[in-house]
Undergrad: 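For reference, the structure I am asking about is given below.
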There are 2 protein chains.
Amino acid sequence: MVKKKKDLPAEERILDAAKKVFLEKGMAGARMQDIANEAGINKALLHYYYRDKEKLFELVFMSESQKFFPKINRIFESDETLEKKFHEFVEEYVNELRLNPYLPWFVLNEINRDPDGFLLKIMTGENRPRPMKFLQQIEKEIKLGNIRKVDPRHILLNLLSMTLFPFIAQPMVSRILGMGNKEFEQLMEERKKTVPAVMMDSIRKKVQ
Amino acid sequence: MVKKKKDLPAEERILDAAKKVFLEKGMAGARMQDIANEAGINKALLHYYYRDKEKLFELVFMSESQKFFPKINRIFESDETLEKKFHEFVEEYVNELRLNPYLPWFVLNEINRDPDGFLLKIMTGENRPRPMKFLQQIEKEIKLGNIRKVDPRHILLNLLSMTLFPFIAQPMVSRILGMGNKEFEQLMEERKKTVPAVMMDSIRKKVQ
DNA sequence: GTCTATAATTTGATAGAC
DNA sequence: GTCTATCAAATTATAGAC
């Protein structure tokens, strides 16, 4: 018999609820009452376990940003070819973000709110994004004459942009293109192929 | 003698201040006191001129989203070639967002907060995004055999992504790549060339 | 540990003098 | 029109019973 959500201890239920509410509404928009309702307990217990809103938020933010960033490093610091890395990157992020579509919005949102607070913590931790090896790999391929001469930073930006932006802009995109949830998911599934293809076309040497 | 900010009537100073504060912090994070301070007056005047926070916010949001969206339509509904449209799009948005870097974050943020409120208003107004002509133009070029066969929606997504995302993610991007403001602006300037180039490479027929 | 009730704080909004 | 002082409402946080 698998445990139901209701059977989890309150401490965990609260954390799960906090994740959900903070991810959707951000620090400023979230209400302690919403979290209590979502967890099926009352506000007092929130403070009993996690002292105050700030502490609870910090816990959620740190845990979620760790989900968001280390993925980048594992892929970018491997010894695979660029093409393989493009595919892995899009594949993994689309899969993660299908389950957790608010994640990039949440992370960017709070970094924007307080660039020198959490961002600094993340950037000094073990799990900070380390794109250097990836950028150097591109430069090496250029020197070897295997790919076109382009600023590696634009390559990185393009990959991040095309993968993450659609999720950040989902409500707008869906409305503009007149899509439902199913269609949006289908479109994101397709991006596992189209994005790496665009990336490769942008670095592959042109036929003379 | 050019008018200084301080010389503007209070009503306008308030609106300017509200734009600044709402754009940076969003509806939930903004404080009426912040706006009053920014405008150099007291809270009571805010209510005297604009009744309440909601009304003031709606005014700012409508005015800012009109800056954000109509640009798309003017470019996408013209009779230019796809290549010209790519260039114009990136050129105009990079120029606008250099002056107003919080704009896309602000718009997407509030649409995310309340997808059926403001979003609905925008989507039914004269200035709603109308990508249809652009999508049809792509389909026509495909039929004519001028470009590769690709889903037009991915083309549109790629263009929006690569142009807007770097601004949304600026604090993170700058930190990751170790850039200051000047370097970031320089990089965005370069995107006026690199992004259209990537777009063209992604649709141009491959040489056999 | 968990609850109800309540205090404390923050923030939006108004009253009234000038 | 603009200000100070104040109120009202929303929200976070705590006290104390069980």
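The chains referred to below are lettered A, B, ... by the order of the sequence lines, with proteins before strands, and numbering in each begins at 1.
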Undergrad: Could you check how far CG of B:D52 sits from C1' of D:dA9, rounded to whole Å?
TA: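 Between C1' of D:dA9 and CG of B:D52: 14 Å.
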Undergrad: Using atom NZ of A:K43 as one end and atom P of D:dA10 as the other, report the distance to the nearest whole Å.
TA: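 After rounding, the reported distance stands at 13 Å.
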Undergrad: Starting at CD of B:Q33 and ending at P of D:dA10, how long is that distance when rounded to a whole Å?
TA: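 Taking CD of B:Q33 and P of D:dA10, I get 20 Å after rounding.
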Undergrad: To the nearest angstrom, how far is B:N42 atom CG from D:dT6 atom P?
TA: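 Spelled out: CG on B:N42 to P on D:dT6 is 15 Å.
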Undergrad: Under 4.0 Å from OP1 or OP2 of C:dG12: is there any side-chain N or O of B:R31 that close?
TA: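 Checking B:R31 against C:dG12: at least one side-chain N or O falls below 4.0 Å of OP1 or OP2.
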Undergrad: Are any of A:H47's side-chain N or O atoms less than 4.0 Å away from OP1 or OP2 of D:dT14?
TA: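 No, no such contact exists.
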Undergrad: Looking only at side-chain atoms of A:Y49, point me to the closest of C:dG1, D:dG1, C:dT11.
TA: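 Closest of the options to the side chain of A:Y49: C:dG1.
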Undergrad: Specify the separation, in whole Å, of atom OH of A:Y48 and atom P of D:dA15.
TA: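 Result: 15 Å.
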Undergrad: Rounded to whole Å, how long is the line connecting atom CZ of A:F57 with atom P of D:dA13?
TA: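 In whole Å, D:dA13 P lies 14 Å from A:F57 CZ.
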Undergrad: NA contact type, B:I41, heavy-atom cut-off 4.0 Å: base, sugar-phosphate, or nothing?
TA: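 The residue B:I41 makes sugar-phosphate contact but no base contact.
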Undergrad: Using 30° and 60° as the class limits, which term best fits the ring planes of A:F76 and A:F89: parallel, tilted or perpendicular?
TA: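 Ring orientation, 0 to 90° scale: parallel.
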Undergrad: In whole angstroms, how far is the C1' atom of D:dT12 from the CE atom of A:M27?
TA: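 Nearest whole value for this atom pair: 10 Å.
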Undergrad: If you count every heavy atom of other residues, nucleotides or ligands that lies below 6.0 Å from A:R51 atom CZ, does the total exceed 12?
TA: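 At most 12 heavy atoms, drawn from other residues, nucleotides or ligands, come within 6.0 Å of this atom.
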Undergrad: In terms of side-chain heavy atoms of B:A44, which of D:dT11, C:dA15, D:dA15 is nearest?
TA: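 For B:A44, the side-chain atoms sit closest to C:dA15.
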Undergrad: Taking atom NZ as the centre, does B:K55 end up with more than 12 heavy-atom neighbours from other residues, nucleotides or ligands that are less than 6.0 angstrom away?
TA: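 Open.
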Undergrad: Choosing from C:dT2, C:dA15, D:dA13, which nucleotide comes nearest the side chain of A:A10?
TA: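 Between C:dT2, C:dA15, D:dA13, the one nearest the side chain of A:A10 would be C:dT2.
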Undergrad: For B:M162 and B:M199, run side chain to side chain contact (heavy atoms under 4.5 Å, CB included): C-alpha distance rounded to whole Å, both residues' side-chain angles, the deciding distance at 0.1 Å, then the answer.
TA: CA-CA 10 Å; B:M162 288 191 285; B:M199 293 300 300; 3.6 Å; yes
Undergrad: With sugar-phosphate meaning primed atoms plus P, OP1 and OP2, does A:A28 contact a base, only sugar-phosphate, or nothing at under 4.0 Å between heavy atoms?
TA: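 Touches nothing.
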Undergrad: Can you measure from CG (A:L135) to CZ (A:R153) and round to the nearest 0.5 angstrom?
TA: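 The CG atom of A:L135 sits 9.0 Å away from the CZ atom of A:R153.
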Undergrad: Whole-Å distance between D:dG1 P and B:R13 CZ?
TA: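 My rounded result for the distance is 14 Å.
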